[in-house]
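Notes follow the structure.
Labels below follow one simple rule: chain letters A, B, ... track the order of the sequence lines, proteins then strands, and each chain is numbered from 1.
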Amino acid sequence: MKRFIGFVKKEFYHIFRDKRSLFILFGMPIAQILLFGFAITNEINNVNIAVLDHSKDVNTKEIITKIGASKYFSIKQIIEKESAIESIFKKGKVKAVLNFEKGFGENLIKEHKATIQIITDATDPNTANAISNYVNAILKQYQKELNKGNKVSYQITPQTRMVYNPELKSVYMFVPGVMTIILMLVSAMMTSISITREKELGTMEILLVSPIKPIQVIIGKVFPYIFLSIINAVVIVALSMFIFKMPVQGSLFLLGFESVLFIITALALGILISTISKTQQTAMMISLMGLMLPVILLSGFIFPISSMPLPLQLISNIIPAKWFIIIIKGIMLKGVGLQFIWKETLILIGMTLFFMALSVKKYKIRLE
Amino acid sequence: MKTILYIIQKEFKQIFRNKGMLPIIFVLPLLQLVILSNAATFEIKNIKFGYIDNDRTSTSRALLEKFNASTYFNVLTSFPSEAVASSAMLKGNVDVVLEIPQYFERDLQKDKNNSLGVTINAIDGAAAGVENVYVTQVIQRFNQNLKVDVLQPSNKQMQPINIETIPLFWYNKTLNYKTFMVPGILVLLVTMITLFLSGMNIVREKEIGTLEQINVTPIKKSQFIIGKLFPFWVIGMGLLTVGLILAKVIFKVPMIGSLSLLYFYTSIYILVILGIGLFISNFTDTQQQAMFIAWFFTVIFILMSGLFTPIESMPEWAQVLTAFNPIKYFVEVMRMVMLKGAGIVDVYPQLLKTLLFAVFMNGLAVWSYKKTS
């Protein structure tokens, strides 16, 4: 035991001596969470649009003013000809053009009906769709004002209540996501590299012939990273609470427990990666190329899993990050206790045991 | 010249000798392109929809039928009470709950208007916004049917004013998300492979101690650097080629613009990334450090590139920051050229900035290389 403690101490020294890595290790989560919390949003704001007004009457002017005044749009350009649309789209200057038909206001009075084309640059389908929806909503509002005199009969109006995130802040989506990415990649990457490093530099053999048991070598190497990752988790939660006013509705203790569990899952994955790679380069490429995109894309961090095709929904189940994101959103935003997330917790525990068992098996083969 | 060729030869041999790395460099990225492009969609489908029907009349059933018929909603369960429904929402079993009040039909006939309770799980704010739009659309359509049922045909003056909108989706009529994502993900893969490989390569020689041996040979530093980086440039271009073929064959992504323009741009872009890789190598002592830095910037570059989330929606200061993000320009150029058929005049600003980056980054890298050794 004493030898083991000595070994762990040595590992700590190793890490703390490397000031540059340490700076990155602690600076990274802070920089990323601040950047993403403030900058990244999948809402649509200030979309540049252009107007092509063939009518130029009171109504079209009113509509243009209303649209320009909304926070979703800023009117960047007034164009005169249809032929101009193609070139401004190609340059990427505006995302949509509102095309008012000739005699818009007149038609509205005489025919009680007038038409607007919403031409969108649909290379980005999401934005195109959202623009079309938002313009429609503004027009519906305007229409209602025009119809004030008319009694419209039989109306059902939905009273919508947004729960867990009434202000629809996208920070609430991104903080759990960034926390997951950082813990996952830092823990998995660091351990896999640190173990393969010994192999590549040839020092692993020295360690293995020392009286410390192989399992102790692994635990000793992993231990400092558990410690570092926990500090990272604390920093991230503190930043999200104090800067982004993110609530922790549930138990802070449970959040801590689940975070440690997830860190251990990621570390176990890192150990597994290290057993199958000979060089640091391989270990890094596996943990970076193999984990980064799947973790970002298949965990529900940015894209909703329920919208994916079924095979991908199934694959997402083997991404530990998916379960952790469900857990932290549950604890932080919904305030649930263990009785609501025991299934996800068990899955993480199961994955951890699986990774560990597999590593132990692989590791033994290597020693023969 | 001969010396450079020898180094290049040696580097290629080294890459191809490492059997463990080959699949990671060549197969993994393409596999991800094929699989993950399907995951990246903001389209909200299969919304888990539940309802509490306290009225149980023909009107309430007709309304629920409208939700059932909508392709967006999976009408799942009927909840006996609000308490059960909110517990289901806590568990994540349902995302939207519609509550129809008692005497819904009676009050509608009496007062001609009525309200409904809609509860939406808003943890994903953007999704909640879209779900709200869908719910409103279904209810509006139901309202319209109600009107038709009761309104007498009257003269035009009595008709409410109606502004009709015709949405036209250019370049991507079917709003196919993959057409948008595949070029973007290809950008990421090309960037990540070239950056990680080049970023680790020279520092590896440093860590193992072989860099000193090379430094005492008569090879010039510039020869050494070019020889080291050229293979990665080739790998990047190769990856782009295979990726473009897959995009065309599997995802039917259109290639409207000029292929040679795309290659010309990419050839310069990869130089930027290699410059960054070299710079990282110079400033680090171990592969581990190099990797951390490369990873740190990659995540930031990716999330601030406009690939997944729109840049216009970012705050002003963040938009200024994105001007220094090479991935942003590559994503823009890919999408502009492939999907809209933009020509060199249209992508001129991006091209120029990328060129400037390439000169600056490589200048910086070469300069710092001399300083550190």
Q: Let me know if B:E131 has heavy atoms under 4.5 Å from chain A in its side chain, its backbone, both or neither.
A: neither
**Q.** Among A:Q280, A:M308, A:E101, residue most engaged with chain B (heavy-atom pairs, under 4.5 Å)
**A.** A:Q280
**Q.** Nearest non-hydrogen partners of A:S307 and B:I44, listed with the distance
**A.** OG-CA, 3.7 Å
(Q) Quick check: under 4.5 Å, non-hydrogen atoms only, which of residues 282-289 of chain A neighbour chain B? (A) A:T282, A:M284, A:M285, A:I286, A:L288, A:M289
Q. Does the side chain of B:Q287 reach to within under 4.5 Å of the side chain of A:I193, using non-hydrogen atoms?
A. no
Q.
Between B:M314 and A:N45, is there a side-chain heavy-atom distance shorter than 4.5 Å?
A. no
Q) chain B heavy atoms under 4.5 Å from A:Q339: which part of the residue, side chain, backbone, both or neither? A) neither
Q: Measure A:Y134 against the heavy atoms of chain B and call it side chain, backbone, both or neither at under 4.5 Å.
A: neither
Q.
Under 4.5 Å from any heavy atom of chain A, what part of B:I302 do you find: side chain, backbone, both or neither?
A. side chain
Q) Does the side chain of B:N176 come within less than 4.5 Å of A:P125's, by heavy atoms? A) no
**Q.** Student check: side-chain heavy atoms of A:Y164 and B:L90 closer than 4.5 Å
**A.** yes
Q.
Report which part of A:M190 has an atom under 4.5 Å of a heavy atom belonging to chain B: side chain, backbone, both, or neither.
A. both
Q.
Using a 4.5 angstrom heavy-atom cutoff, name the option from A:K91, A:Q281, A:Q117, A:K113 with the most pairs to chain B.
A. A:Q281
Q) Side chain, backbone, both or neither: which part of B:I123 has an atom under 4.5 Å from a heavy atom of chain A? A) both
Q: Heavy-atom distances under 4.5 Å only: say whether B:Q288 touches chain A with side chain, backbone, both or neither.
A: both
**Q.** Region of A:L298 that comes under 4.5 Å of a non-hydrogen atom in chain B
**A.** side chain
Q.
Which heavy atom of B:W295 sits nearest to which heavy atom of A:L185, and what is that distance?
A. NE1-CD1, 3.2 Å
Q: May I ask you to check whether B:N46 and A:S306 show a side-chain donor-acceptor distance below 3.5 Å?
A: no
**Q.** Best-contacting candidate, B:I311, B:V118, B:T286, against chain A by heavy atom pairs under 4.5 angstrom
**A.** B:V118
Q: Please identify each residue that fulfils side-chain contact (heavy atoms from CB on, under 4.5 Å) with A:D121, with sequence neighbours left out.
A: A:F89, A:T123, B:Y171, B:K340
Q) Hey, which of B:A318, B:G129, B:P310, B:G343 has the most heavy atom pairs under 4.5 Å with chain A? A) B:P310
Q. Do A:F174 and B:L303 come within less than 4.5 Å of each other through their side chains, counting heavy atoms only?
A. no
Q | Residue A:I63 versus chain B: region with a heavy atom under 4.5 Å | A | side chain
Q | Residue A:S132 versus chain B: region with a heavy atom under 4.5 Å | A | side chain
Q: Could you tell me which of A:L333, A:I341, A:I181 has the largest number of non-hydrogen atom pairs under 4.5 Å with chain B?
A: A:L333
Q: Check each atom of B:I185 against the heavy atoms of chain A and say whether the ones under 4.5 Å are side chain, backbone, both or neither.
A: side chain
Q: Pick whichever of A:L35, A:N46, A:T279 has the most heavy-atom pairs under 4.5 Å with chain B.
A: A:L35
Q. Where on A:F38 is there a heavy atom nearer than 4.5 Å to chain B: the side chain, the backbone, both, or neither?
A. both
Q) So which part of A:K343 gets closer than 4.5 Å to some heavy atom of chain B, the side chain, the backbone, both or neither? A) neither
Q: Apply the test side-chain contact (heavy atoms from CB on, under 4.5 Å) to residues A:I119 and B:W170: give CA-CA distance (whole Å), side-chain angles for both, the deciding distance (0.1 Å), then the verdict.
A: CA-CA 7 Å; A:I119 305 165; B:W170 280 24; 3.2 Å; yes
Q | Under 4.5 Å from a heavy atom of chain B, the part of A:N133 involved | A | side chain
Q: Would you mind reporting whether B:L36 and A:P294 have side-chain heavy atoms less than 4.5 Å apart?
A: yes
Q) Looking at B:M89, B:E332, B:M304, which makes the most heavy-atom pairs under 4.5 Å with chain A? A) B:M89
Q.
Can you confirm whether A:I296 sits close enough to B:F308 that some side-chain heavy atom of one is under 4.5 Å from a side-chain heavy atom of the other?
A. yes
Q) When heavy-atom pairs shorter than 4.5 Å are enumerated against chain A, which of B:I25, B:N121, B:N74, B:L339 gives the highest number? A) B:N121
Q: Using the side-chain contact (heavy atoms from CB on, under 4.5 Å) rule, pick out the option among A:M162, A:R161, A:Q159 that qualifies with B:T119.
A: A:R161
Q) Which one of B:W317, B:F104, B:Y348, B:F292 has the most heavy-atom pairs closer than 4.5 Å to chain A? A) B:F292
Q: Check each atom of A:V336 against the heavy atoms of chain B and say whether the ones under 4.5 Å are side chain, backbone, both or neither.
A: side chain
**Q.** Top contributor to chain A contacts, counting heavy-atom pairs under 4.5 Å, from B:S313, B:G209, B:G125
**A.** B:S313
(Q) Is A:L25 close to chain B through its backbone or its side chain, or both, or neither, when contacts mean heavy atoms under 4.5 Å? (A) side chain
Q | Exam field: side chain A:K90 to backbone B:V337, donor-acceptor pair closer than 3.5 Å | A | no
**Q.** When A:V178, A:V97, A:D124, A:L293 are compared by non-hydrogen pairs under 4.5 Å with chain B, the top option
**A.** A:D124
Q.
Is the shortest side-chain heavy-atom distance between B:I120 and A:V163 below 4.5 Å?
A. no
